[in-house]
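One structure is given below, encoded as structure tokens.
We count residues from 1, following the sequence as given. Everything numeric here is computed off the predicted structure, so don't read it as measured data.
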Amino acid sequence: MVYGCLYCARSYQKTLATLNFADSKTLKEEKREELFENLKADESIGWSVDVIDPRELSAKMLKKNKVNLNEISHDSAIGLINRVLNMGILLTEVYLDTVGDADKYRIKLSERFPSIKFVVAKKADSLYPVVSGASIVAKVTRDRALREWVLEETSENMHGSFGSGYPGDPETKAWLAHHKHSVFGFPTLVRFSWGTCTSYYKDMVEVLWESDKVDEDVGYGSSGKQLKLSNVGFGKAAKRKIEEIESSGKGRCKFFHSRKLEQLTHF
């Protein structure tokens, strides 16, 4: 999952509106790439991204004390705000595309950063150019990551033609069906908590897990309990991989946006 932020001085706001940024979902790939290269070359604009590994998403969403996507999204946005502040950038206004209830999200952010004015809105990437720019940053980062993704698994007959990673993509669904495993589920590219995977779990075996001694000591889990792989996932949670692909902020920034953008993989 990829989150992006774009920031600039408030005095640059009118110029930003002339750069033809738009909701990344409404733009063709070639246009997104062009706009991304343009904003990278603009010394008045700074940007950054947060890339969250699908294994971390699976681990958080399937563990005993589950963390949902909204919470993960909020944490990522807060992390990006802190990252920009720690660069010495002065933030006075932050615009975000809402994740969950807009008012609750705004209050949460305002309590965390009382000196910043927050504007949280649905479809903010269509309303505010700074949000549109951040949308392009995240979408291009996601698309490039998928194009360059190297599968860690080395089984025979595996391939990287997994399509867009969206649930309505026939190529993505065909890839899932081809790469499912009755014991190990899917390759690590797949987010096991993705709802699209649910239909495949009925064909997977049940596994007998021996309870961890620590679990027994604290009073949960019991030896011999059967857990379906669809409820547990596979392997150890990978350490969070946060990639700041590039950051190019110049000067003092007073106009900023961070929003939930594109999932690195929707699976």
Side-chain angles (χ1 to χ4, degrees), residues 1-17 19 21-24 32 35-53 56 69-100 102 104-121 124-142 144-145 240-264:
M1 188 159 61
V2 180
Y3 289 77
C5 70
L6 189 80
Y7 50 96
C8 65
R10 290 179 62 186
S11 60
Y12 198 68
Q13 182 176 358
K14 290 184 178 180
T15 303
L16 195 68
L19 300 182
F21 292 157
D23 177 1
S24 64
R32 289 195 300 266
L35 292 173
F36 183 53
E37 293 302 321
N38 289 344
L39 71 84
K40 285 172 60 179
D42 192 328
E43 295 186 355
S44 297
I45 297 175
W47 60 277
S48 188
V49 295
D50 180 16
V51 180
I52 307 176
D53 190 282
E56 181 190 353
L69 274 178
N70 282 6
E71 294 177 85
I72 296 171
S73 301
H74 293 177
D75 289 345
S76 183
I78 290 170
L80 284 170
I81 293 171
N82 277 320
R83 183 186 298 177
V84 175
L85 290 172
N86 290 337
M87 291 166 57
I89 303 297
L90 174 63
L91 297 179
T92 59
E93 296 181 9
V94 174
Y95 293 75
L96 303 98
D97 197 17
T98 191
V99 178
K104 291 181 179 179
Y105 191 16
R106 178 183 55 78
I107 292 171
K108 178 179 181 178
L109 292 166
S110 297
E111 291 176 346
R112 183 69 175 265
F113 304 99
S115 64
I116 299 175
K117 173 188 174 182
F118 287 95
V119 176
V120 182
D125 48 5
S126 300
L127 300 174
Y128 306 104
V130 69
V131 184
S132 303
S135 171
I136 291 168
V137 167
K139 177 65 172 173
V140 173
T141 300
R142 174 196 181 274
R144 290 181 177 182
R240 180 172 186 167
K241 179 182 179 183
I242 299 177
E243 298 178 358
E244 183 173 1
I245 305 299
E246 185 175 342
S247 182
S248 55
K250 285 89 179 175
R252 293 164 66 82
C253 167
K254 305 180 183 66
F255 192 61
F256 173 93
H257 161 71
S258 172
R259 76 179 279 263
K260 177 180 181 294
L261 293 161
E262 298 295 336
Q263 291 200 15
L264 179 61

Within the side chain of [X], is there an N or O that forms a donor-acceptor pair under 3.5 Å with the backbone of [Y]?
X: Arg142; Y: Val2; answer: no
X: Ser135; Y: Val131; answer: no
X: Ser132; Y: Asp125; answer: yes
X: Asp97; Y: Ala124; answer: yes

Taking all atoms of both residues into account, what is the closest heavy-atom pair of [X] and [Y], and its distance?
X: Gly4; Y: Ala134; value: O-CB, 3.8 Å
X: Gly100; Y: Asn70; value: CA-ND2, 3.7 Å
X: Ser76; Y: Asp50; value: OG-OD2, 2.7 Å
X: Ser44; Y: Cys8; value: O-CB, 3.4 Å
X: Ser24; Y: Arg32; value: O-NH1, 3.2 Å
X: Leu39; Y: Gly133; value: CD2-O, 4.2 Å

Mind checking the [atom1]-[atom2] spacing from [X] to [Y]? Nearest 0.5 Å is all I need.
X: Cys5; Y: Leu96; atom1: SG; atom2: CG; answer: 10.0 Å
X: Thr141; Y: Trp47; atom1: OG1; atom2: CH2; answer: 5.5 Å
X: Tyr3; Y: Ile72; atom1: OH; atom2: CD1; answer: 7.0 Å
X: Ile81; Y: Asn86; atom1: CD1; atom2: CG; answer: 11.5 Å

Problem set entry | Glu37: salt bridge (charged side-chain N to carboxylate O under 4.0 Å, His left out) partners, not counting sequence neighbours |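 For Glu37, the residues satisfying salt bridge (charged side-chain N to carboxylate O under 4.0 Å, His left out) (neighbours in sequence not counted) are Lys40, Arg144.
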
Problem set entry | Side-chain heavy atoms of Leu35 within contact of Val140, under 4.5 Å |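 Not in contact.
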
Exercise. Do Leu91 and Val84 have side chains that get closer than 4.5 Å, going by heavy atoms?
Worked result: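 Heavy-atom side-chain distance check passes, below 4.5 Å.
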
Which donor-acceptor pairs under 3.5 Å do side chains of residues 106-114 form with protein atoms, sequence neighbours excluded?
from, atom 1, to, atom 2, distance (Å)
Lys108, NZ, His74, ND1, 3.0
Ser110, OG, Arg106, O, 2.9

Exercise. Checking side-chain contact (heavy atoms from CB on, under 4.5 Å) for the pair Ile45/Leu16: CA distance, chi angles, key distance, verdict?
Worked result: CA-CA 9 Å; Ile45 297 175; Leu16 195 68; 3.9 Å; yes

